[in-house]
Amino acid sequence: MLTILYFARLRDVLGCASETLATPPATVRDLIALLVARGGVWQAELGGARVFRVAINQEMAQLDDAIPAGAEVAIFPPVTGG
Amino acid sequence: MLTILYFARLRDVLGCASETLATPPATVRDLIALLVARGGVWQAELGGARVFRVAINQEMAQLDDAIPAGAEVAIFPPVTGG
Amino acid sequence: MQQDVIRVQSADFDVAHEYQRLAGQPQIGAVVMFVGRVRDLSANADLHALHLEHYPAMTERALQQLVQAARARWQLDAVTIIHRVGRLAPAEQIVLVLTASPHRDTAYEANRYLMDYLKTAAPFWKKEITRHGEAWVEARASDEQARARWET
Amino acid sequence: MQQDVIRVQSADFDVAHEYQRLAGQPQIGAVVMFVGRVRDLSANADLHALHLEHYPAMTERALQQLVQAARARWQLDAVTIIHRVGRLAPAEQIVLVLTASPHRDTAYEANRYLMDYLKTAAPFWKKEITRHGEAWVEARASDEQARARWET
C-alpha cells in the first residue's frame, strides 16, 4: 500500500490532502504517470507544465527512484519558506 | 605647528605618545624622513622594515599627502580591532 | 561537543535567549545571526498576514540533514535553526539561523549556506493573505541560484 | 529614514536591545547580526584578557564613513556598529555589526563588508594579556585580503 500526501498550492488545486493506493507503482515516474492519467487538474499540475517536487519517506526523491513497500510519498510545489 | 600622535605598539616601542614640531614638514614622506633621521628605534620602526599607517586630521593618509598647517598627524601600526 | 538547536514552532522566538546559550565559551570568536521576517513592501500595507505551512514528518529531518551538511564543510561550535509555522503578521519573525565559530568567515559562510538551502530544500510553504485575497507564494529562481553557488 | 547607531564604549552591549529597535518595521525582511568575541583557543586558557586601544578623535569618524560607504552600495534600512574598548575577558563581546534590509543577500553582504573594513580601516588595536606576558596583536594578511575582495 502507498500513502500519497499533497501540500500547499498543490493540495488546494487538486482538492486532495492525502490518498492511498492499494497497488503502488514501481517508481516515482510511474506514480506520476498514473496520476496524470486522471486528466483535468491532475494532468495540468503534474503533466509537465508546472514544476513540482516529490519526497519518499520524507526524503527528497527523483523521478527514477523506486517506491518501497508501504512508502509515504509526498508531492508538493517548490518550497518557499525561510 | 604640528602635533604627532603615536598609538599601540608604536607608542610603546618609541616611548612616546605625542609630541609637537614647531616647523612642520611639507609632506608625510618628509615627516617620516625627519623621524627616521633620529636613528635607533625610530629608524627601525619607520625606516622601511616594518609596516605602519599614517592619518592626517583623523583621515587615513598616504606618503605624498601634504601636511596642512596645525595638523594632527597620527602614526600607528596596522589596525587589529573587530 | 556539538551544540545544535533545531525547532519548528508556531510560537515566536527570542533572539537574545538563543544567543545567550553561547555565553562564557571562549572558543567562539564569531557569531552570526540571521533573522528573516514577514515583509510588506507595498505602499498601502496590503499584507494582512503570511500563513506558513510545512510537512511535519519531514521538516525536522530535513533541517537536521542541512545542519550536518554544514558541519561537514565548516568548523562550527554551535548552530541554531528555528522556523515558525502558522499565521504570522507583518514584521513578525519567521526564521532564525545562528552560527558560531572560531573564525568570522566560517560563521558568515555557514550561515548563508544554511539559509540558501533552507529556502530551497526544507518543506515550508508561504501563503500571502492580503486585502485582495489569498495566494501561495511562488518559488523564486534567485533562491535556486543562491543554492547552486554551493554546488560548484 | 536612516537608522544608524555607531558607538564606541567600554561597557558591554546587549544584542537583544540593539535588535529590538527594528521591531514593527514591515519593510525589513532580513536582519544579520555579527558578534565578535574575545577568543582563547589555547588548551590551557592562556589568555587573561584583551586590551582594546583606539584613537578616539578618529574612531567614530572612520566608522561613520564606513557606514556611508555601505549605504552607497546597498539598500539598508538600518545599520548598527558598536565596538568596545578597554580590558575584555575571554568570551566577552568586542563588536556588534547589525544590518537590516528588505533582502537577505543585501543584509549578509553589507554586514561582511562592514566587518572586513572595520578590521582594516578603523583605528583599534588589540593587546593580548596572557600568563606569559603582554603582546600587541599583529595585523593578519587574511584581513587585508578579505577587504581587497570589495575593491575589485
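These numbers were taken from a predicted model, which means no experiment stands behind them. Every chain is numbered from 1, with letters handed out A, B, ... down the list of sequences.
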Next item on the list: Begin with the C-alpha distance, continue with both residues' side-chain angles, and end with the deciding distance and a verdict on side chain to side chain contact (heavy atoms under 4.5 Å, CB included) for Q58(A) and Y55(C).
Entry: CA-CA 9 Å; Q58(A) 301 89 45; Y55(C) 175 9; 3.7 Å; yes

Check: Tell me, side chain or backbone of A8(A) under 4.5 Å from chain C's heavy atoms, or both, or neither?
Finding: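 Looking at A8(A), backbone and side chain both touch chain C.
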
Next item on the list: Please report the closest heavy-atom contact between R61(C) and N57(A), naming both atoms and the distance.
Entry: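 Reported closest heavy-atom pair: NH1-O, 3.3 Å.
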
Part of [X] lying under 4.5 Å from any heavy atom of chain A:
X	answer
A121(C)	backbone
H51(C)	neither
E138(C)	both
A122(C)	backbone

Next item on the list: Assess whether atom NE2 of H132(C) is packed by more than 12 heavy atoms of other residues, nucleotides or ligands within 6.0 Å.
Entry: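 Counting neighbours around NE2 of H132(C), more than 12 heavy atoms of other residues, nucleotides or ligands fall under 6.0 Å, so yes.
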
Next item on the list: Would you mind reporting whether V79(A) and F124(C) have side-chain heavy atoms less than 4.5 Å apart?
Entry: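 Result no, sub-4.5 Å side-chain heavy-atom pair not found.
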
Checklist line | Residue among E59(A), E72(A), M60(A) satisfying side chain to side chain contact (heavy atoms under 4.5 Å, CB included) with M58(C) | finding: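 Among the candidates, only M60(A) passes.
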
Check: Are the charged groups of E53(C) and R9(A) less than 4.0 angstrom apart, N to O?
Finding: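 Salt bridge flag = no for R9(A) with E53(C).
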
Note to self: Return the CG to OG1 distance between L50(C) and T80(A), rounded to the nearest 0.5 Å.
What the structure shows: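 One finds 9.0 Å between CG of L50(C) and OG1 of T80(A).
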
Check: Can you tell me how far the CH2 atom of W125(C) sits from the CG atom of D12(A), to the nearest 0.5 Å?
Finding: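 Spacing of CH2 (W125(C)) from CG (D12(A)) equals 12.0 Å.
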
Notebook entry, point to check: Where the side chain of H83(C) meets the backbone of G81(A), is there a donor-acceptor pair that is under 3.5 Å apart?
Noted result: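 Such a contact is absent between H83(C) side chain and G81(A) backbone.
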
